[in-house]
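Residue numbers count from 1 along this sequence. Atom set for the values below is all heavy atoms of this structure, side chains included, hydrogens, waters and symmetry mates excluded. Numbering of ligands and ligand atoms starts at 1, following listing order. Just so we're clear, the structure is a prediction, and the values are computed from it rather than from any experiment.
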Amino acid sequence: MVASSQKILVTGGAGFIGTHTVVQLLNNGFHVSIIDNFDNSVMEAVDRVRELVGSNLSQNLEFTLGDLRNKDDLEKLFAKSKFDAVIHFAGLKAVGESVANPRRYFDNNLVGTVNLYEVMAKHNCKKMVFSSSATVYGQPEKIPCVEDFKLQAMNPYGRTKLFLEEIARDIQKAEPEWKIILLRYFNPVGAHESGKLGEDPRGIPNNLMPYIQQVAVGRLPELNVYGHDYPTRDGSAVRDYIHVMDLADGHIAALRKLFTTENIGCTAYNLGTGCGSSVLEMVAAFEKASGKKIALKLCPRRPGDATEVYASTEKAEKELGWKAKYGVEEMCRDQWNWAKNNPWGYSGKP
Ligand code: WQD
């Protein structure tokens with residue numbers, strides 16, 4: 001068991017995956033400091049984290065409004081706290097938006113991260129868990145995706161993740177005292193079982209499940225199904241959807257690995273279930289969980305989409321002792337529980 005007083009800096013900790021991970025960190029006895037610029041998150045989500053963990057554990061949580069692109073924001077944090085490790089979520093993650101505005105993605109995702117490495121090094125904090133993505137596999141030549149596959153980017157967002165993995169490998173090679181774990185998320189969905197935390201994207205959702213969620217609560221009229229002529233069991237594309245709570249626990253396992261393993265170097269792990277589900281199967285599962293009918297419009301394929309992507313989970317199971325616990329039914333149950341209690345997300349209003 002890791003010492004309970006260890007202090008973790010969580011960048012982007014007010015976001016969808018960040019909040020769920022912070023709940024688990026606090027419940028596992030870690031002290032947590034969040035820095036977030038609220039580019040895609042709100043303070044209400046942090047308040048709900050406090051509610052969920054209770055008044056005692058909330059004393060182990062600090063929040064700072066700040067931006068990684070402003071090195072002073074980071075300096076102030078590291079000057080007043082000694083961090084044992086950093087979990088780095090902060091970054092933009094919408095594929096379509098990145099194609100329209102690549103400079104914003106390179107500025108946010110790359111500049112912010114380079115600043116973070118600089119300030120971490122200056123304060124001798126050299127343990128990092130980095131939020132990478134299955135998008136670094138591009139269109140995989142075969143499936144399931146294995147961590148030693150060739151990497152390729154299909155869009156500016158994916159390119160930032162690929163660049164940031166390469167930057168991590170270069171830093172650790174030059175300075176072997178660094179210990180870095182790259183976690184490649186497949187498709188994060190679902191919500192905390194309480195229904196108090198969930199995904200609340202700004203504007204029209206890019207991703208499938210938040211879009212389905214908004215159709216179910218009546219915020220959007222119908223789901224555009226991008227592609228129904230793929231060579232899959234029902235013609236729609238297949239992805240490896242993973243419950244956000246499984247993802248959160250994957251970060252705890254990664255931290256434990258960093259604190260207990262000497263020669264971890266810079267190592268990548270898939271965080272997926274190893275099971276693929278099609279778009280139409282996810283629609284059917286959400287209809288079953290919610291009792292709502294999701295109106296569909298069959299549309300052409302979305303440019304850049306892969307036919308079928310899902311994870312090999314062997315390496316994470318063997319080396320992190322982590323395996324996803326929840327299936328699609330629980331993902332949809334918990335996502336609907338969040339949606340029906342928070343149809344307008346954290347703001348509570350249209
Ligand atoms: C899934 C499937 C769509 C919306 C991306 C990033 C990845 C991660 C998750 C950040 C595809 C189809 C979608 C819709 C649809 N991002 N779809 N109608 O593209 O697999 O992965 O988001 O962590 O890094 O690459 O996820 O949810 O956008 O799409 O038919 O309105 O659903 O075509 O087949 P994707 P997605």
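At the top of the distance list for atom 24 (O) of ligand 1, counting protein heavy atoms only, stands Ser133 OG, 2.6 Å. Protein heavy atom nearest atom 6 (C) of ligand 1, with residue, atom name and distance: Val95 CG2, 3.9 Å. Counting only heavy atoms of the protein, atom 2 (C) of ligand 1 lies nearest to Tyr241 OH, 3.7 Å. At the shortest separation from atom 9 (C) of ligand 1 among protein heavy atoms lies Asn207 ND2, 3.8 Å. With hydrogens left out, the protein atom closest to atom 20 (O) of ligand 1 is Arg239 NE, 2.7 Å, a heavy atom.
When heavy-atom distances to ligand 1 are checked against a 4.0 Å cut-off, Phe89 has no atom that comes that close, whether in backbone or side chain. Only side-chain heavy atoms of Asp305 come within less than 4.0 Å of ligand 1; its backbone N, CA, C and O stay farther off. With a heavy-atom cut-off of 4.0 Å, Asn224 touches ligand 1 through its backbone alone. Under 4.0 Å from ligand 1, the heavy atoms of Asn206 that appear belong solely to its backbone. Heavy atoms of Val279 found under 4.0 angstrom from ligand 1 belong exclusively to the side chain. The side chain of Tyr157, and not its backbone, has at least one atom closer than 4.0 Å to an atom of ligand 1 (non-hydrogen atoms only; side chain from C-beta on).
Considering backbone and side-chain atoms together, Leu208 places an N or O closer than 3.5 Å to an N or O of ligand 1. In terms of N/O distances under 3.5 Å, ligand 1 is approached by Arg302. For a threshold of 3.5 Å applied to N or O pairs, the pair formed by Asn187 and ligand 1 contains at least one separation below that value.
The aromatic rings of Tyr185 and Phe89 sit tilted, their planes meeting at an angle between 30° and 60°.
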Exercise. Check the pair Tyr269, Trp322 against ring-ring contact (aromatic ring centres under 6.0 Å, His included), reporting the backbone distance first and the verdict last.
Key: CA-CA 10 Å; Tyr269 294 96; Trp322 172 89; 9.7 Å; no

Practice problem: Could you walk me through whether Leu223 and Tyr211 pass side-chain contact (heavy atoms from CB on, under 4.5 Å), step by step? | Solution: CA-CA 7 Å; Leu223 171 72; Tyr211 202 107; 3.6 Å; yes

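A single hydrophobic cluster is not seen to contain both Met282 and Val309; linkage of ILVMFWY side chains at heavy-atom distances under 4.5 Å, directly or through other members, places them apart. Tyr310 and Leu271 fall into different hydrophobic clusters, where Ile, Leu, Val, Met, Phe, Trp and Tyr are joined by side-chain heavy atoms under 4.5 Å apart, directly or via other members. At a threshold of 4.5 Å between side-chain heavy atoms, the hydrophobic network of Ile, Leu, Val, Met, Phe, Trp and Tyr places Met128 and Val32 in two separate groups.
No side-chain donor-acceptor contact under 3.5 Å links Glu97 and Tyr157. There is no side-chain donor-acceptor pair under 3.5 Å between His31 and Glu62. Residues Asn207 and Arg239 bring no donor and acceptor atom of their side chains to less than 3.5 Å of each other.
Of the residues Gln152, Arg184, Lys150, the one that meets the side chain to side chain donor-acceptor pair (under 3.5 Å) test with Tyr137 is Arg184.
Remark: distances from the non-hydrogen atoms of Tyr137 to ligand 1 are all 4.0 Å or more.
The nearest non-hydrogen atom to atom 34 (O) of ligand 1, considering only Ser131, Ala237, Ala134, comes from Ala237. Nearest-heavy-atom check against atom 15 (C) of ligand 1 across Tyr230, Tyr185, Tyr226 picks out Tyr226.
Around CD of Glu193, the count of heavy atoms belonging to other residues, nucleotides or ligands within 6.0 Å does not exceed 12. Shown here is Lys292, whose NZ atom has no more than 12 heavy atoms of other residues, nucleotides or ligands within 6.0 Å.
Counting atoms of ligand 1 from 1 in the listed order, those under 4.0 Å from a heavy atom of Val225 are 30 (O). Near Thr135, meaning under 4.0 Å from one of its heavy atoms, ligand 1 places the atoms 24 (O), 25 (O).
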